[in-house]
Amino acid sequence: MSPGAEPGGPARLLLHWYDANGRQLPWRVRSGRPDPYAVWLSEVMLQQTTVAAVGRYFTDFLRRWPTVEALAAAPREEVLAAWAGLGYYARARNLHACAQVVAKELGGRFPSTAQELRKLPGIGPYTAGAIAAIAFGEPVAAVDANAERVIARFRAIETPLPDAKPEIRRVAQELVPLARPGDFAQALMDLGSMICTPRRPDCMACPWREPCVGLAKGMAERLPRKVPRRAKPAREGDAWLILREDGAVLLRRRPDKGLLGGMVELPSAGWDGMETVWPGRTPFDLAFVRCKEDVRHVFTHFSLMLRIWRTEYPVSQNFAVDAPFFWQPRSHLRNAGLPGVMRKAAVAALGEPL
DNA sequence: GATACGTGGCG
DNA sequence: TCGCCAAGTAT
């Protein structure tokens, strides 16, 4: 038995609290073992993403592609389009790649250990632990930002992140009970999101208030320490909405790698370090009007101000384009799979919702 | 090991 | 308005 699992130990205290206070979430099942496919899908969606943001994406994906085989058989563009708006699009590319490995090479079954899961695309240390513990009952830790914060406070670990990661992971693993490791993982995350919050933690309601060293030392709220972030540089650029006589809009699929890799965008330039490529002729052969409202958007490592232009007059049906450009009917623009920034740009250019 | 990689909510 | 933060991974 791990140290935390003894009667009155931290794991027992936490699981007791979890049974009474844990959140009901779409990907959690009350009875029996959850479907590894659903666990994997939810964990990938939840990487660096809030529960609220994942919202309907999870249920929509599960309804549309109920099995890993179904997802593997789906065209990649459809998976990327369904992911549009969630961000970190490498996750969607890796999700599809992972589904194909599981479906084609592993007989449709996910590996049952963290060590094996870790080898699959898009599955790192956290996700491997989460799937192994939740879906297969392996007694391994799933250390996300919640767990890091909770553990750092619990043991008053003053080493700043990310240097503290190894120690935090070691402590977390020691606490994992042999029984209910999956519930323990989820309980730790619920504790971090409901009680042991980044600011103003509710220590008096915490099941670990007695053994918590950070609380005893009066330093819980100031942990974990972190190295300061770099300021985001500001970038600017232009995006053009080119309308055809029949109402179709000119779009472009971005290269597979890098920023918004594989996603669809309005033709744009000047902001992403990419060479400007235009279909046939430059857009400056056309007459554009600049839209009143610029688009502002914040990426992980820079903030963006995008000037928005639209054609003063629609172009002819004869305006032929080659890949990666294509014409998208206005009525299907909403389903084109525009990432957040490009959806904003389209809305600004059209002056109406998609 | 540092950097790239989205988006939305909150104080 | 703005910085912080979020169920991290890949390179």
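Letters A, B, ... are given to chains in the order of the sequence lines, protein chains preceding strands, and every chain is numbered from 1. Given the structure is predicted, the values throughout are model-derived calculations rather than measurements.
The separation between Met189(A) atom CE and dG8(C) atom C1' is 12 Å, rounded to whole Å. dA7(C) atom C1' lies 11 Å from atom CG of Leu188(A), rounded to whole Å. Spacing between atom CZ of Arg296(A) and atom P of dG8(B) amounts to 17 Å, rounded to whole angstrom units. Computed from coordinates, the Lys165(A) NZ to dA7(C) P distance equals 12 Å when rounded to whole Å. What separates CG of Leu260(A) from P of dC5(B) is a distance of 9 Å, to the nearest Å. Atom pair Arg200(A):CZ and dG11(B):C1' shows a separation of 11 Å (rounding to whole Å applied). As rounded to whole Å, 9 Å separates atom P of dG6(B) from atom CE of Met263(A). Nucleotide dG8(B) holds its C1' atom 18 Å from the CZ atom of Arg56(A), rounded to whole Å.
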Do Phe299(A) and His301(A) pass the ring pair (Phe, Tyr, Trp, His ring centres under 6.0 Å) test, and can you show the C-alpha distance, the side-chain angles, and the key distance before you say yes or no? CA-CA 6 Å; Phe299(A) 290 87; His301(A) 52 298; 7.3 Å; no
Going through the checks in order, is the salt bridge (charged side-chain N to carboxylate O under 4.0 Å, His left out) test met by Asp272(A) and Arg254(A)? CA-CA 11 Å; Asp272(A) 59 358; Arg254(A) 293 174 63 86; 2.9 Å; yes
The test is salt bridge (charged side-chain N to carboxylate O under 4.0 Å, His left out); show your working for Arg307(A) and Glu236(A) and say whether it passes. CA-CA 8 Å; Arg307(A) 289 175 292 271; Glu236(A) 57 183 69; 2.8 Å; yes
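In terms of hydrophobic clustering, with Ile, Leu, Val, Met, Phe, Trp and Tyr side chains grouped at heavy-atom distances under 4.5 Å, Met189(A) and Trp17(A) are assigned to different clusters. Cluster membership for Val289(A) and Ile308(A), using ILVMFWY side-chain heavy atoms within less than 4.5 angstrom, is not shared. Under a hydrophobic clustering in which Ile, Leu, Val, Met, Phe, Trp and Tyr are joined whenever their side-chain heavy atoms come within less than 4.5 Å, directly or via other members, Trp271(A) and Leu251(A) fall into the same cluster.
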Can you give me the N/O atom pairs linking the protein to nucleotides 9-11 of chain C at distances under 3.5 Å, or say none if there are none?
from	atom 1	to	atom 2	distance (Å)
dT9(C)	OP1	Gly124(A)	N	2.7
dT9(C)	OP1	Gly124(A)	O	3.2
dT9(C)	OP1	Thr127(A)	N	3.0
dT9(C)	OP1	Thr127(A)	OG1	2.8
dT9(C)	OP2	Pro125(A)	N	3.3
dT9(C)	OP2	Tyr126(A)	N	3.2
dA10(C)	OP1	Gly122(A)	N	2.4

Pairs under 3.5 Å (N/O, protein and nucleotides 2-4 of chain B):
none

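The residue Gly192(A) sits apart from the nucleic acid: no heavy atom pair falls under 4.0 Å. Ala53(A) comes within 4.0 angstrom of nothing in the nucleic acid, heavy atoms only. Among the heavy atoms of the strands lying under 4.0 Å from Leu86(A) is at least one base atom, whether or not backbone atoms are also near. Within 4.0 Å (heavy atoms only), Leu25(A) reaches at least one base atom of the nucleic acid. Among the atoms of the strands shown, base atoms are found under 4.0 Å from some heavy atom of Trp27(A).
A distance of about 16 Å separates the C1' atoms of dG1(B) and dG8(C), rounded to the whole Å. If you take atom P in dT11(C) and the same atom in dG6(B), they sit 14 Å apart, rounded to whole Å. Comparing the same atom, P, in dG8(B) and in dT9(C) gives a spacing of 22 Å after rounding to whole Å. Annotation: dC5(C) and dC5(B) have their P atoms spaced 22 Å apart (nearest Å).
With hydrogens and angles left out, the side chain of Thr49(A) and the base of dG6(B) share a donor-acceptor pair within 3.5 Å.
A cation-pi contact links Arg244(A) to Trp327(A), judged by a cut-off of 6.0 Å to the six-membered ring centre and 45° from its axis.
Note on residues 244-264 of chain A: no pairs pass ring pair (Phe, Tyr, Trp, His ring centres under 6.0 Å), not counting sequence neighbours. Sorted by first and then second residue, the ring pair (Phe, Tyr, Trp, His ring centres under 6.0 Å) pairs involving residues 110-137 of chain A (not counting sequence neighbours) are Trp40(A)-Phe110(A).
Using a cut-off of 4.0 Å between Lys/Arg side-chain N and Asp/Glu carboxylate O, Arg199(A) and Glu221(A) are scored as not salt-bridged.
Between dA6(C) and Gln48(A), no contact under 4.0 Å exists linking OP1 or OP2 to a side-chain N or O. At dT1(C), none of the side-chain N or O atoms of Lys232(A) fall inside 4.0 Å of OP1 or OP2 (strictly under the cut-off). OP1 or OP2 of dA6(C) has at least one side-chain nitrogen or oxygen of Arg149(A) nearer than 4.0 Å.
For Tyr88(A), whose side chain is taken as the heavy atoms from C-beta onward, the closest listed nucleotide among dG3(C), dA6(C), dG6(B) is dG6(B).
Sequence order on DNA chain B of the closest nucleotides to Phe302(A) and Thr50(A) puts Phe302(A) first from the 5' end.
A 6.0 Å sphere centred on CZ of Arg109(A) holds no more than 12 heavy atoms belonging to other residues, nucleotides or ligands.
Every residue was checked against the side-chain hydrogen bond (donor to acceptor under 3.5 Å, both in side chains) condition with Glu105(A), not counting sequence neighbours, and none meets it.
Judged purely by distance below 3.5 Å, without hydrogens or angles, the side chains of Thr49(A) and Arg91(A) pair a donor atom with an acceptor atom.
In the region residues 334-351 of chain A, proximity to DNA chain C at under 4.0 angstrom, judged on heavy atoms, holds for none of the residues.
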